[in-house]
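Step one of this worksheet: look at the structure below.
Chain identifiers are assigned alphabetically (A, B, ...) following the order of the sequence lines, protein sequences preceding nucleic acid strands; residue numbering begins at 1 within each chain.
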There are 2 protein chains.
Amino acid sequence: MRPAPVACVPVRLVIARCSVDYGGRLSAHLPSAIRLILIKADGSVAVHSDDRAYKPLNWMSPPCTLIADGPQWTVRHDKTGDALVITIEEILHESRHKLGVDPGLQKDGVEAHLQRLLAEQIETLGGGFRLVRREFPTAIGPVDILARDANGVAVAVEIKRRGEIDGVEQLTRYLGLLNRDPLLAPVRGVFAAQEIKPQARVLAVDRGIECLTLDYDALRGFDDPSTRLF
Amino acid sequence: MRPAPVACVPVRLVIARCSVDYGGRLSAHLPSAIRLILIKADGSVAVHSDDRAYKPLNWMSPPCTLIADGPQWTVRHDKTGDALVITIEEILHESRHKLGVDPGLQKDGVEAHLQRLLAEQIETLGGGFRLVRREFPTAIGPVDILARDANGVAVAVEIKRRGEIDGVEQLTRYLGLLNRDPLLAPVRGVFAAQEIKPQARVLAVDRGIECLTLDYDALRGFDDPSTRLF
DNA sequence: GTATTTATTTCGTGC
DNA sequence: GCACGAAGTAAATAC
């Protein structure tokens, strides 16, 4: 778990003519030039030129402490002692902005996207399959996909990018619960993942759960591109 | 060679409430929040929260093109077609700044530097050692240093900052090849690194490879320290 | 917790 | 231009 950013400390943007020295695992020097200095609420300091994409010319990662002694700003790593020394010659712009806590990135090449693709192409599970719903609610959390097979039998699908034992355990818990519902029981279980670990497969088969290896590219190929943002 | 930044295009700093979608090798989504959008002269766009150090939440690397259609900013990669869609809800700050061309980072202390220092001070390996050449070519790649010891026996040196097992494997392959050459065989092997992992050391010794821990500061001591900050 | 593998890796170097 | 290795790799995952 990454430490929560201190929301009351604003991000600080400084445009300045400066030179920079770094001493740590390596030594490095930046001659004088106008650069962007980005000081984040997490304490990190990054010195950017207007090229090399998102990567700074030099930086210090948290946990670190910035001490400004006149025009000499020293950023020292709290643990390793690595130091970044920024010598400010002229400040051309400075502003501070409160960003607040970020909800963070939702990566989707992962489970959620696989879930959507599989729901759209439910017959990947077998001919005659029909989707009941995604995120089918249960008392212990939502099942990724609930479907009915060609015979009308309920099928609970747990989707993972990489199928491991805990995913099988999770699906087992859902199946135990769903099978208590007379409107659903008996419920088949399908464990679907891009890659299923041998141990997980053994456990699944032992519990009567079927395994399905998902071909992400193939699923994406059948996708209707007109319905997507990209 | 990276394309020269277009100096007349200023870096652009935007603080905005926005949501972001990315579609490329993976799909990703950022829910609405206040973030820093950094648009550099090289065309790159980076969306930062005020944590996770220098790494943006999401970004697009050059060469790419930003097209602003009202509040929807689409950054499309010119070659792969990957797209970053930033939906702007509110702009809280915007400024542009001309940085000019950056003289760039002068690095010091990586493998290449260790190699140079050791080649210059080849007697670190033992009295009477002579350098044959750096980057001595073989069919499977160049050996970092080839030398002769005081008895004229060939010595192949593999240099790493951190000595791990794969470095020993690499040197082993070189030695196997070099020892087939009657002009060189028998060839001694030396595995030199600032830090050698115990497993790597055991493997090296087992294969008759000598280990040498490099003292970077001592090697550098022969260098003129007055020109350095650290 | 440590060790190993991945990455929208990025970045440099040699061919 | 492409293949390969290194990175102040960092971050996620296996054990």
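- Annotation: cation-pi geometry not satisfied between Arg35(A) and Trp59(A) (NZ/CZ under 6.0 angstrom from ring centroid, within 45° of ring axis).
- Residue contacts shown for Met60(A) include a base, since a base heavy atom lies under 4.0 Å away.
- Atom CD in Glu164(A) sits roughly 15 Å away from atom P in dA12(D) (whole-Å rounding).
- Other residues, nucleotides and ligands contribute more than 12 heavy atoms inside 6.0 Å of the CD atom of Gln106(B).
- Where stacking is scored as ring centres under 5.5 Å apart with planes under 30°, Tyr54(B) does not register as stacked on the base of dA10(D).
- Here the side chains of Val143(A) and Ile145(A) are not in contact, with every heavy-atom distance at 4.5 Å or above.
- In this structure, Leu105(B) and Asn58(A) have side chains that are in contact, with non-hydrogen atoms separated by less than 4.5 Å.
- A salt bridge links Arg116(B) to Glu120(B): at least one charged side-chain nitrogen sits closer than 4.0 Å to a carboxylate oxygen.
- For the pair Lys160(B) (side chain) and Ala193(B) (backbone), a donor-acceptor distance under 3.5 Å is absent.
- Put simply, Lys55(B) has no side-chain N or O that comes within less than 4.0 Å of OP1 or OP2 on dT9(C).
- Judged by distance alone, the side chain of Arg162(A) and the main-chain N or O of Glu195(A) form no donor-acceptor pair under 3.5 Å.
- If you take atom P in dG8(D) and the same atom in dC4(D), they sit 22 Å apart, rounded to whole Å.
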Task: Watson-Crick or G-U pairs under 3.5 Å in DNA chain C, rendered as dot-bracket with [ ] for crossing pairs and | for another strand - done: |||||||.|||||||

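- Without hydrogens or angle criteria, Tyr174(A) side chain to Val157(A) main chain gives no donor-acceptor distance under 3.5 Å.
- Between Ala53(A) and Leu57(B), the residue whose closest nucleotide on DNA chain C is further toward the 5' end is Leu57(B).
- Under 4.0 angstrom from either OP1 or OP2 of dG8(D) there lies no side-chain N or O belonging to Thr80(A).
- Between Asp50(A) and Asp102(B) there is no side-chain heavy-atom pair separated by less than 4.5 Å.
- At whole-Å resolution of the value, CH2 in Trp59(A) and P in dT10(C) are 14 Å apart.
- Asp42(B) places its CG atom 14 Å from the C1' atom of dC11(C), with the value rounded to the nearest Å.
- Per the geometry, CG belonging to Asp144(B) stands 18 Å off P belonging to dC4(D), to the nearest Å.
- Whole-Å rounding puts the Asp82(A) CG to dA10(D) P distance at 10 Å.
- Distance, Tyr174(B) OH to dG5(D) C1': 10 Å, rounded to whole Å.
- Take Glu210(A) and apply the side-chain hydrogen bond (donor to acceptor under 3.5 Å, both in side chains) test, not counting sequence neighbours, and it matches Arg188(A).
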Distances for protein N/O vs nucleotides 1-3 of chain D N/O pairs under 3.5 angstrom?
none

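- One can place CD of Glu195(A) at 12 Å from C1' of dT5(C), the figure rounded to the nearest angstrom.
- Atom NZ of Lys160(B) and atom P of dA7(D) are 8 Å apart (whole Å).
- Residue Arg162(A) places no side-chain N or O under 4.0 Å from the OP1 or OP2 atom of dA12(D).
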